[in-house]
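Note that this is a predicted model, so its numbers are computed, not measured.
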Amino acid sequence: MRAANFRAPRPFRTLALVSALVVPAGLTACSYNESLGRQQVLLVDPSALSQQGAQAWSQMKQTSKVSTDAAANARLRRIGGQIVGASGLGGQAWEYAVFEDSSINAFVLPGGKVGVTSGMMAFVANDDELAAVLGHEVAHVMANHAAERYSQSALAQVGAGIVGVATQNAEGGVAQALGRYAGPALQVAVLMPHSRQHELEADRIGLDLMVRAGFSAKQGVNLWRRMAARGGASTPAILSTHPSDAARVQQLDAYIAARGYS
């Protein structure tokens with residue numbers, strides 16, 4: 001599910017890039033995230049992305065069709081509210097919408113804007129599976145994944161610029177090749193693996209949230225199991241920002257066993 005891939009407008013991207021240049025690594029940009037149990041490099045305050053998220057959300061509702069299915073939207077808000085209550089993030093305003101789209105997808109934007117496609121609403125077999133979807137999306141917010149991903153992108157752009165400067169005096173063919181592939185190489189080697197890491201982290205935190213909210217973790221994982229069973233062509237894992245459904249199921253089954261979830 002495309003959850004933490006929000007791209008801010010150019011002025012904000014420029015601000016993050018400048019921050020990457022002036023904030024010394026390991027000083028004010030590094031913070032510990034208790035939900036993740038690890039350090040994060042954050043060059044932008046997660047709350048600063050909320051306005052951009054609100055703008056993108058407003059635009060989406062204007063350009064994409066919001067479902068008029070009152071029952072589906074009420075169900076989404078009900079289960080979403082239970083998950084948010086379990087997350088401890090109930091102090092901020094959350095908004096949910098079902099979008100008319102046959103694809104099986106869901107996403108979250110900074111500021112607590114959660115969108116789920118009508119295709120996903122039709123695909124989930126029960127409330128536990130929908131809770132798994134929403135737990136995953138809320139987990140991205142708890143983990144500050146949007147701000148972290150944003151910071152990684154800024155740092156990668158700086159790295160690509162350094163490569164360009166360093167190869168200015170190289171022979172034409174070598175310089176041209178490095179200039180052409182530095183960006184894509186950084187994306188594959190740095191950004192995409194971190195995005196897969198974010199997805200798996202959101203899966204695990206999402207399970208914790210749905211269990212706290214009274215849902216079944218094992219029933220929730222059936223969502224990913226059924227997705228894996230659909231088969232079809234898929235992007236090789238190394239070139240994908242999302243883990244394969246099979247990898248998700250394997251890791252989640254191990255996590256459920258370790259935590260003793262039912």
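- Side chain of Tyr96 to main chain of Gly80: a donor-acceptor pair is present (N/O by atom type, distance under 3.5 Å, no hydrogens or angles).
- Within the structure, salt bridge (charged side-chain N to carboxylate O under 4.0 Å, His left out) pairs that include any residue of residues 87-100 comprise Lys61-Glu95, Glu95-Lys113 (at least two apart or interchain).
- Two residues are said to be in side-chain contact when any heavy atoms from C-beta on lie closer than 4.5 Å; Phe215 and Leu130 fail this criterion.
- Here the straight-line distance linking atom CG of Asp253 with atom CZ of Arg248 works out to 13.5 Å at 0.5 Å rounding.
- With a 4.5 Å cut-off on side-chain heavy atoms, Val221 and Ile256 count as touching.
- Scanning all heavy atoms of the two residues, the minimum distance from Met142 to Ser87 falls at SD-CB, 3.7 Å.
- Heavy atoms only, all atoms of each residue included: Ala213 and Ile83 are closest at CB-CD1, 4.1 Å.
- Side-chain contact check for Leu223 versus Val133: some heavy-atom pair is nearer than 4.5 Å.
- Sorted by first and then second residue, the ring-ring contact (aromatic ring centres under 6.0 Å, His included) pairs involving residues 55-87 (not counting sequence neighbours) are Trp57-Phe99.
- Between Trp94 and Val138 the shortest side-chain heavy-atom distance falls below 4.5 Å.
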Asp69 and Val98: CA distance, side-chain angles, deciding distance, side chain to side chain contact (heavy atoms under 4.5 Å, CB included) verdict: CA-CA 8 Å; Asp69 187 332; Val98 177; over 6 Å; no
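- In this structure, CG in Asp203 is found 13.0 Å from NE2 in His198, a value given to the nearest 0.5 Å.
- A donor-acceptor contact shorter than 3.5 Å is absent between the side chain of Ser58 and the backbone of Ala54.
- If you check the side chains of His140 and Glu201, you find no donor sitting under 3.5 Å from an acceptor.
- Among pairs with a residue in residues 206-220, those fulfilling salt bridge (charged side-chain N to carboxylate O under 4.0 Å, His left out) read Asp208-Arg259, at least two apart in sequence or across chains.
- With contacts defined as side-chain heavy-atom distances shorter than 4.5 Å, the pair Leu207/Leu252 qualifies.
- Among pairs with a residue in residues 84-94, none fulfils salt bridge (charged side-chain N to carboxylate O under 4.0 Å, His left out), at least two apart in sequence or across chains.
- Taking all atoms of both residues into account, the shortest heavy-atom contact from Ala139 to Gly206 is CB-N, 3.8 Å.
- For Ala246 against Ala228, the heavy-atom pair with the smallest separation is N-CB, 4.1 Å.
- For Ser103, the side chain to side chain donor-acceptor pair (under 3.5 Å) partners are Asp101, not counting sequence neighbours.
- You'll find the side chain of Met60 reaches within 4.5 Å of the side chain of Phe107, heavy atoms only.
- Closest of all the heavy-atom pairs between Ile205 and Ala143 is CD1-CB, 4.4 Å.
- With sequence neighbours excluded, the residues forming a side chain to side chain contact (heavy atoms under 4.5 Å, CB included) with Ala125 are Glu129, Arg226, listed by chain and number.
- Within the 4.5 Å cutoff, side-chain heavy atoms of Arg230 are placed close to those of Ile104.
- Note on residues 73-92: pairs passing salt bridge (charged side-chain N to carboxylate O under 4.0 Å, His left out), not counting sequence neighbours, are Arg75-Asp127, Arg78-Asp127.
- For Gln251, the side chain to side chain contact (heavy atoms under 4.5 Å, CB included) partners at least two apart in sequence or on another chain are Leu200, Arg204.
- Within the model, atoms OG of Ser216 and CE of Met210 stand 6.0 Å from one another, a figure rounded to the nearest 0.5 Å.
- Within the structure, ring-ring contact (aromatic ring centres under 6.0 Å, His included) pairs that include any residue of residues 243-262 do not occur (at least two apart or interchain).
- Annotation: the span from Thr68 atom OG1 to Asn73 atom CG amounts to 8.5 Å, rounded to 0.5 Å.
- With rounding to the nearest 0.5 Å, the separation of OG in Ser118 from CG in Asn105 is 11.0 Å.
- Gln82 pairs by the side chain to side chain donor-acceptor pair (under 3.5 Å) definition with nothing, not counting sequence neighbours.
- Once rounded to the nearest 0.5 Å, the distance linking CG of Asn222 with CG of Asp128 reads 9.0 Å.
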